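Have a look at the structure below, then the notes.
Bear in mind that the values here come from a model prediction, so they are computed numbers and not experimental data. Indexing begins at 1, ligand by ligand and atom by atom, following the structure's order.
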Amino acid sequence: MPKIADNLTQVRRLIQQSASEAGRNPSDITLLAVSKTKPASAIREAFEAGQRDFGENYAQEAAEKIAQLADLDITWHFIGPIQSNKSRMIAENFAWVHTVDRLKIAERLNQQRPEHLPPLQVCIQVNIDGDEAKSGCLPTETAVLGEAIRRLPRLRLRGLMTIPKEGSGAQPFKDLAQLAHALRRDGLPLDTLSMGMSGDLTDAIAAGSTLVRVGTAIFGERT
Ligand SMILES: *Cc1c(COP(=O)(O)O)cnc(C)c1O
């Protein structure tokens, strides 16, 4: 079996196993294949092995690959930091954005989302462990940002996303799940928890992840 197809099979198996250990239905967990820095040919290979959701971090690089792969029915997710001057490219090319962490960016995306496309699906990136080096709004700011996003007609609020400090174990995932639970109780419609990567997807799934973002385990190391 070609390498990428083989890797995908193994990642799917791990998701299934992690879900069943957690008493969860594996079909409630979406696998997002993170293809940043990888060529369009690698994405095509993964698509042929049945993968449909792909994540990219750099707007310019992604726009080029999206154009090259326009013949494929791919759902594209933006998962990188959002610079203001790249927001239009993101609003025009992606179905999902996982990294909205301030109102100004949400408003730009709302304004720039083309009329002929469905609303942009949005997750709020939360800096759940207060890591200085990281983007993401603070847990205490999430409710206000969520309410504001909810009022923007060209965006659809879907959930929360986080990238915990490396090696911090299961706790940040539990904290994000708890935050989502509290916000839902207060009326925010959140059905997505975007958390877990190649190295920690089992912990993330145990805590309630509905979407794991996996790069290295599918496409190999990035150079
Ligand atoms: C690169 C990246 C991933 C994938 O990380 P791997 O460790 O290669 O699985 C997931 N999420 C985000 C936000 C990323 O930037």
Count I, L, V, M, F, W, Y as connected when their side-chain heavy atoms are under 4.5 Å apart, and connections chain through other members. Are Tyr58 and Ile74 then in the same cluster? no
Has ligand 1 got any nitrogen or oxygen that is less than 3.5 angstrom from a nitrogen or oxygen of Gly215? yes
Can you tell me if Met161 has a non-hydrogen atom under 4.0 Å from ligand 1? yes
Which ligand 1 atoms are under 4.0 Å away from a heavy-atom of Thr216? 6 (P), 7 (O), 8 (O), 9 (O)
If only atom types and distance count, is the side chain of Arg156 paired as donor or acceptor with the main-chain N or O of Gln121 below 3.5 Å? no
For ligand 1, indicate whether the residue Ile79 contacts it via side chain, backbone, both or neither (heavy-atom separation under 4.0 Å). both
Under 4.5 Å between side-chain heavy atoms, hopping through other hydrophobics if needed: is there a path connecting Leu160 to Ile82? yes
Of the protein's non-hydrogen atoms, which lies at the shortest distance from atom 10 (C) of ligand 1, and what is that distance? Met197 SD, 3.2 Å
First locate atom CG of Asn57, then atom NE2 of His98, and finally report the distance between them rounded to the nearest 0.5 Å. 10.5 Å
Between Leu145 and Leu103, the two heavy atoms sitting closest are CD1-N, 3.6 Å
In the protein, which heavy atom is nearest to atom 11 (N) of ligand 1, and how far is it? Arg213 NE, 2.8 Å
Heavy-atom proximity to atom 9 (O) of ligand 1, best of Ala33, Ser198, Pro81, Ser35: Ser198
Residue, atom name and distance, where the atom is the protein heavy atom closest to atom 1 (C) of ligand 1: Lys36 NZ, 1.3 Å
Distance under 4.0 Å to a non-hydrogen atom of Val214: what atoms of ligand 1 satisfy this? 9 (O)
Counting heavy atoms only, which part of Ile163 comes closer than 4.0 Å to ligand 1: side chain, backbone, both or neither? side chain
Hey, which atoms in ligand 1 end up nearer than 4.0 Å to a heavy atom of Asn57? 14 (C), 15 (O)
Heavy-atom contacts under 4.0 Å between Arg222 and ligand 1: side chain, backbone, both, or neither? side chain
Ignoring hydrogens and angles, state whether a donor on the side chain of Glu64 or Gln60 is under 3.5 Å from an acceptor on the partner side chain. yes
Decide, yes or no, whether a salt bridge links Arg44 with Asp71 under the criterion of side-chain N to carboxylate O below 4.0 Å. yes
For the residue pair Gln125 / Thr162, report whether a side-chain donor-acceptor contact shorter than 3.5 Å exists. no
